[in-house]
Chemist: 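Next up is a structure, given as structure tokens.
Residue numbers start from 1 in every chain, and the chains themselves are labelled A, B, ... in the order their sequence lines are given, proteins ahead of strands. Because only heavy atoms are used, hydrogens play no part in the values below, and waters and symmetry mates are left out as well, while side chains stay in. The structure displayed is predicted, hence computed values, not measured ones.
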Amino acid sequence: MARKFHPQMATGNDLLEGDVVYFTSAGEWSRAIGDAALAVNPEAAADLLARASAFPNQVVGVYLVEADLDDCGRAAPAHFREVFRTRGPSNYPQHGRQAERL
Amino acid sequence: MYRYDDFDRDYVAARTAEFREQVERRISGGLTEDEFKPLRLMNGLYLQLHAYMLRVAIPYGTLNARKLRQLAMIAERWDKGYGHFTTRQNVQFNWPRLRDVPDMLEALAEVEMHAIQTSGNCIRNVTADHFAGAAADEIEDPRPTAEIIRQWSTDHPEFTWLPRKFKVAITGSPNDRAVTKAHDIGLRMVRDDNGDPGYEVIVGGGLGRTPMLGKTVRAFLPKADLLPYLEAILQVYNLSGRRDNKYKARIKILVHETGEDEIRARIEAAFAENKARLRPLDPALVAAIEAAFAPPAFEPPIDAAPALTPALRAFIDTNVAPHRLAHYAIVTVSLKPIGGTPGDATADQMRVVADLAEQFGHDDVRVSHEQNLILPHIPRRRLPEVYARLKAAGLATANVGLISDIIACPGMDYCALATARSIPVAQEIAEAFADLDRQRDIGPLKIKISGCINACGHHHVGHIGILGLDRAGVENYQITLGGDGSETASIGERAGPGFAYDEIVPAVERLIEAYLDQRLEPGESFLAAYRRLGPAPFKAALYPAEARSDAA
């Protein structure tokens, strides 16, 4: 039996700032993971990656990551590496995306 | 200190200008990312998890006050106010913006520094004993040799596209503080029967996926034969090293697969040709480089022993090493405050160390592969003041060589290659053993942590090594025991199954309890006890449930 498809979102790093960005359902790149578009089947994932890759001079290293919906229905990464990418380094809470929440 | 000549200065300036143009072309869309990536990597610019990272070379780990102050300025102006000193004696800035990097490189060039060859399949920054020129046990300062190798290897046309990266380390002392056996080439200064200095040449060491200790291919190489011989090693590697498989591309695999005798024969054959072909180094040039590393104008002995408080005495016991002159000392500035990030220094801290180097330390600062800074030439009478000022800056933790003096790679807090975090594991181990009296009782102990199999944290040569992995989507930490990076080098042995993130610190605590129970006397170090006892009692401590079921 085929493995159950895990919903996916597209992420990358901003060319100028280098920080983490997510591709939204509006077809733009956003710094807010809550805006990330979710692909729920393989065809949608391929389409999402293709659309997200159309900004080569804005975002680099585009790839798909597995995501789950949190309690509020927003996309959240499934793997710990991607969770860290939503935050920043654990040794300096004042640095990275997590700083905005301080 | 070696000063750039016109050639060096023009070369670095040209490269900086070239990279500025490349960045502009990337931003304007004239270069694709695929085109730009190798160009930025050649200039030390990586893209990490949260931001770009600029890796700056510190040749043979040697700085002066002016360079360190410039690093502080760069950290404040274009980064987040700190730098991270690495196991390769480099410094990394973790938050540069792409547009700012050319300015950062220009600021580095102002103080004769750059980020060239800190990435890519080339000869990387040459590392050296961080006590070079100061150590009491030294045969000769290895840095003139390191500088000759730097000049020879920078942009060497034949060796810019090697099968894989290539690292050279050199020590001038029989006590190996440069981990020479874990480098592609390790050089150890030795004397021949006539008392003339030369090199023992070790080839094919390395850590990473396949850890190996290097093999001695030449027990004594006369100094004059250095470059023809190194060039021979690189030629053999460049021609025969594997390019079919990235994981088998380092010279250690070539040495292993070809065999020590055959490799030696090929190197010697190439060396004979090189020696006939290459002009010997211009003695005037060599003399000029040697003069750049001449000892500073040491002050004469003054008959006044400093007053020692208990805290200063404790600091001297751990952080001060014997200098070649009895009235001088080598001071290690700990970048391992309990709970801090190993190797990180703020801009303010860099300036404190720069000031101390300038005022008391003959303007000399070193970076150690153990991620500390060194003031190599401090008159002993100045120790109270140096200590007081380091302490005020949070730089005087008296833990050098002890359990909290941990090497940790950036791990998954920064690095795009990492499979798990390293830094918080180091922080939590240091906090668990925060009491310095307890640390001194445990004695010399090197814990080294890597956040992936590439082993930037040197875990294979840690007395206790920790390797962070991703096991089915969860951080998992493997322990190796009995590793050693010194002149008695050995690769640590894997103890058994890995530990979850919240289990790794208790596992280390059990190891230490087992050691304290089993040691013959307080003077028997963890490593000595491990070598005497073997892994069994330590494995029993790590895996108590298994030990119980075996006994049942």
Side-chain angles (χ1 to χ4, degrees), chain A residues 3-4 6-23 29-33 49 52-68 76-102, chain B residues 23 25-37 40 45-54 79-82 84 94-101 339-342 344 408 410-428 451 470 472-475 501:
Chain A
R3 189 164 155 259
K4 187 169 170 289
H6 205 125
Q8 297 191 321
M9 54 189 178
T11 184
N13 290 71
D14 183 80
L15 172 69
L16 296 178
E17 301 294 322
D19 60 341
V20 177
V21 287
Y22 300 92
F23 196 66
W29 284 95
S30 167
R31 291 189 156 79
I33 187 169
L49 183 62
S53 301
F55 301 80
N57 295 323
Q58 184 189 341
V59 174
V60 298
V62 177
Y63 61 103
L64 295 172
V65 296
E66 295 189 341
D68 296 312
H79 190 277
F80 64 89
R81 179 183 196 267
E82 293 303 320
V83 175
F84 295 146
R85 283 180 81 240
T86 68
R87 295 179 191 155
S90 56
N91 58 329
Y92 293 123
Q94 71 274 32
H95 296 162
R97 197 54 46 77
Q98 60 200 343
E100 295 157 19
R101 291 170 222 153
L102 284 179
Chain B
V23 168
R25 287 167 67 201
R26 176 67 189 107
I27 291 172
S28 68
L31 287 174
T32 66
E33 187 61 17
D34 283 349
E35 289 163 338
F36 180 64
K37 188 175 172 185
R40 69 167 158 77
L45 186 63
Y46 289 70
L47 185 54
Q48 301 274 64
L49 289 182
H50 313 292
Y52 287 99
M53 179 271 282
L54 183 65
D79 208 85
K80 290 189 188 290
Y82 71 102
H84 176 73
N94 283 318
W95 304 95
R97 297 184 308 167
L98 181 58
R99 275 188 202 286
D100 294 335
V101 174
T341 301
D344 278 11
M412 204 181 270
D413 287 304
Y414 297 91
C415 178
L417 301 174
T419 44
R421 289 172 295 169
S422 311
I423 291 168
V425 175
Q427 290 173 308
E428 288 174 28
D470 173 352
V474 181
E475 286 171 296
Y501 180 82

Chemist: What's the spacing between A/D19 CG and B/L47 CG if we round to 0.5 Å?
Modeler: 10.0 Å

Chemist: Tell me whether the count of non-hydrogen atoms from other residues, nucleotides or ligands lying under 6.0 Å of CZ in A/R97 goes above 12.
Modeler: yes

Chemist: Pairs in or reaching into residues 53-67 of chain A: which pass salt bridge (Lys or Arg N to Asp or Glu O under 4.0 Å), with residues at least two apart or in two chains?
Modeler: A/R3-A/E66

Chemist: I want to check something: taking the side chain as every heavy atom from C-beta on, are B/D470 and A/H79 in contact at a cut-off of under 4.5 Å?
Modeler: yes

Chemist: Looking at B/P410, B/A51, B/P424, which has the largest count of heavy-atom pairs under 4.5 Å with chain A?
Modeler: B/A51

Chemist: List the atom of A/L15, the atom of B/I27, and the distance in Å for their closest heavy-atom pair.
Modeler: CD2-CA, 4.5 Å

Chemist: Below 4.5 Å from any heavy atom of chain A, which atoms of B/V474 appear? Answer side chain, backbone, both or neither.
Modeler: backbone

Chemist: Contact part of B/P96 toward chain A, heavy-atom cut-off under 4.5 Å: side chain, backbone, both or neither?
Modeler: backbone

Chemist: Do A/F80 and B/T419 come within less than 4.5 Å of each other through their side chains, counting heavy atoms only?
Modeler: no

Chemist: Give me the atom names and distance for the closest heavy-atom approach of A/V20 to B/H50.
Modeler: CG2-CA, 4.4 Å

Chemist: Aromatic rings A/H95 and B/Y82: how do their planes relate, parallel, tilted or perpendicular, breaks at 30° and 60°?
Modeler: parallel

Chemist: Using side-chain heavy atoms (C-beta onward) and a distance below 4.5 Å, is A/R81 in contact with B/M412?
Modeler: yes

Chemist: Is the shortest side-chain heavy-atom distance between A/N57 and B/R26 below 4.5 Å?
Modeler: yes

Chemist: For B/Q48, is it the side chain, the backbone, both or neither that has a heavy atom under 4.5 Å from a heavy atom of chain A?
Modeler: backbone

Chemist: Among B/D344, B/I423, B/D413, which one satisfies side-chain contact (heavy atoms from CB on, under 4.5 Å) with A/Y92?
Modeler: B/D344

